Amino acid sequence: MDLRMKACDIRTDIVEIIHRAGTGHIGGDLSVTDILVDLYYKQMNVAPDKAADRERDRFVLSKGHSVEALYAVLADRGFFPKEDLLTYAQPGSKYIGHPNNKVNGIEMNTGSLGHGLSVGVGMALAGRMDKKKYRVYVVLGDGEMEEGSVWEAVTAGGHYKLDNLTAFVDRNRLQISGPTEEIMTQDKQEDRWAAFGWNVLSIPGNDIEAVDDAVELAKHIKNKPTVIIANTTKGCGVSFMENQVGWHHRVPTDQEYEQAIQELAQRRMQYAQDSE
Amino acid sequence: MDTIKRDPRKEFGKAVAELAETDERIVVLSADSGGSAGFKDFAEQHPEKYYEFGIMEQGITGIAAGLATTGKIPVFCAIAPFVTCRPYEMFRNDLGYMKQNVKIVGRNAGFTYSDLGATHHSLEDYAIMRMVPGAVVLAPQDVGEIRSAVKAMMDYNGPVYMRIGNGAIPDLKKEAAFIIGKGEILREGNDLTILSTGSITGEVLCAAALLEDQGISVMVIGLPTVSPIDCEIIKYAAEKTGRIMTVEEHYICGGLGGSVAEVIAQSCPVPLKIHGVPHVYATSGSYEELLRYYKLDAKGIAAVAKDFIA
């Protein structure tokens with residue numbers, strides 16, 4: 001299947017999960033979707049029955065609030081039954097509002113920003129020590145780059161030249177209170193990472209082919225970790241959510257839900273026609 | 001009691017290095033802190049098991065979590081407040097929440113960086129580290145116990161915080177296997193029980209001897225595991241002596257005393273005196289001066305005990 005169509009399906013699942021549960025970080029889920037789809041359907045060596053395989057690729061969603069996107073992908077890939085997500089956000093459910101490793105396929109508990117890249121550095125370092133072939137992928141938010149602890153990990157990743165590590169910055173330019181540039185300047189991300197010794201790729205992050213090309217390229221870069229600055233649109237795929245700061249954590253009304261589902265279906269149909 | 005005193009940091013480093021000779025999983029992480037943690041020789045002999053990161057305690061705690069996900073046992077030792085207060089959320093989320101098999105060791109704890117002031121004192125580590133569900137908090141009392149506790153900590157699968165002191169501490173007892181969660185009667189007595197943890201236990205035993213001279217018979221129990229606390233031995237002490245005092249080189253709130261109070265209040269109510277450092281940013285001075293100032297030297301402890309049972 002055209003991965004663009006798969007991304008439409010995942011976005012539809014995300015909107016459904018959040019509408020049903022009445023909670024979720026919809027804007028960031030929709031901006032990060034194409035990255036997750038490329039990793040989980042094409043690039044990463046992961047599978048439901050290999051969740052503990054020592055050779056598997058590792059994924060850390062450092063911007064843990066986008067967990068609904070990860071749930072949608074993992075369920076669709078068969079890591080757990082889709083029906084499990086009916087319990088999402090209910091007391092006693094393991095499907096909570098941020099990633100935790102009780103859920104099959106989730107490597108790392110995240111939620112507080114500024115943790116995941118350090119963990120990824122540790123995983124990558126271990127891979128090198130043990131001469132494993134696996135790769136480590138970490139997705140950060142652009143607002144998350146304000147956390148000082150991220151830069152400790154960037155420093156260490158560059159110092160140890162961890163070429164088995166690829167980080168993404170989901171550069172959607174919005175955070176909960178407003179545009180990132182108004183909250184705290186985030187410009188020149190490329191220069192910032194490069195100064196720490198990282199290989200830097202800057203791409204349109206909702207173009208799944210561009211994502212795939214960048215991930216592929218990163219695999220062949222030696223002696224440097226790679227960061228992919230994924231220039232994305234918050235709320236991508238649903239017209240009235242796109243680039244709207246209010247959709248960081250808003251829940252669609254029934255009417256908005258219907259419209260979002262329709263728009264995603266139309267987009268999917270268009271991709272289906274394209275690929276015929 | 002042996003009068004020879006030994007440097008706990010060196011003994012700690014040696015103990016880890018010995019285990020790492022045969023246990024491939026052990027990896028030592030340094031925040032520009034390895035040499036002072038007794039790892040100088042180890043770093044030279046085993047560069048493949050020793051990683052320097054510079055001064056980034058938050059990053060290292062997370063990196064340790066990542067290493068542990070692959071089956072390694074990372075050991076991270078630095079000045080106590082810098083591995084407890086500074087990266088606390090990393091300990092809570094990346095280690096505790098996932099029960100990662102990482103060993104965090106706070107050296108030069110308590111007042112041992114006495115003259116460097118409150119930034120370098122560690123007087124809240126028992127309290128904050130025991131708040132993380134599932135985390136084990138250890139405070140061995142002499143160098144033999146440090147060695148056996150290091151072994152026990154490596155055998156335990158999960159996050160551990162261990163506090164060790166600086167300077168030179170006396171040998172208090174014969175080296176024996178360390179059982180996490182178990183206290184030990186170090187001296188028998190009938191009038192009062194003093195529960196102690198960490199290297200201050202040396203002063204407590206001296207205080208007990210002073211009190212004996214004054215006709216007061218004190219049972220001393222060492223609790224080198226602050227969490228999980230040994231409820232049974234506390235109940236036994238309450239029953240036997242009817243009065244309990246706790247002594248710790250730590251604030252009087254939330255640490256050993258707080259932990260013991262939780263047990264006593266709910267299981268065996270008896271009069272309790274919690275003795276330690278008042279809840280303020282402490283003054284500075286030499287280590288011995290600070291112990292005297294806060295009545296944590298043998299004389300001070302004996303005086304507080306005498307007042308308590310008067």
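As the structure is a computational prediction, the values presented were derived from the model and not from experiment. Residue numbers start from 1 in every chain, and the chains themselves are labelled A, B, ... in the order their sequence lines are given, proteins ahead of strands.
- The only option from A:His248, A:Glu146, A:Lys234, A:Gln186 that meets the side-chain hydrogen bond (donor to acceptor under 3.5 Å, both in side chains) definition with A:Gln175 turns out to be A:Glu146.
- For A:Arg58 and A:Tyr134, the positive end sits near the middle of the six-membered ring, less than 6.0 Å away and at most 45° from its axis.
- Across A:Lys102, A:Met108, A:Glu107, the residue that shares the most heavy-atom pairs under 4.5 angstrom with chain B is A:Met108.
- By the 30° and 60° cut-offs, the orientation of the rings of A:Tyr160 relative to B:Tyr51 is perpendicular.
- Between A:Tyr71 and A:Tyr95, the angle of the ring planes goes over 60°, which puts this pair in the perpendicular group of the 30/60° scheme.
- With a 4.5 Å cut-off on non-hydrogen atoms, B:Glu24 does not touch chain A at all.
- At a 4.5 Å heavy-atom cutoff, the contact between B:Glu48 and chain A is made by backbone atoms alone.
- Checking A:Arg135, A:Arg56, A:Lys50, A:Glu55 one by one against A:Asn45, the side-chain hydrogen bond (donor to acceptor under 3.5 Å, both in side chains) holds for a single residue, A:Lys50.
- For A:Asn109, the parts lying under 4.5 angstrom from a heavy atom of chain B are both the backbone and the side chain.
- Top candidate by heavy-atom pairs under 4.5 Å with chain B, chosen from A:Gly116, A:Ala153, A:Ser112, is A:Ser112.
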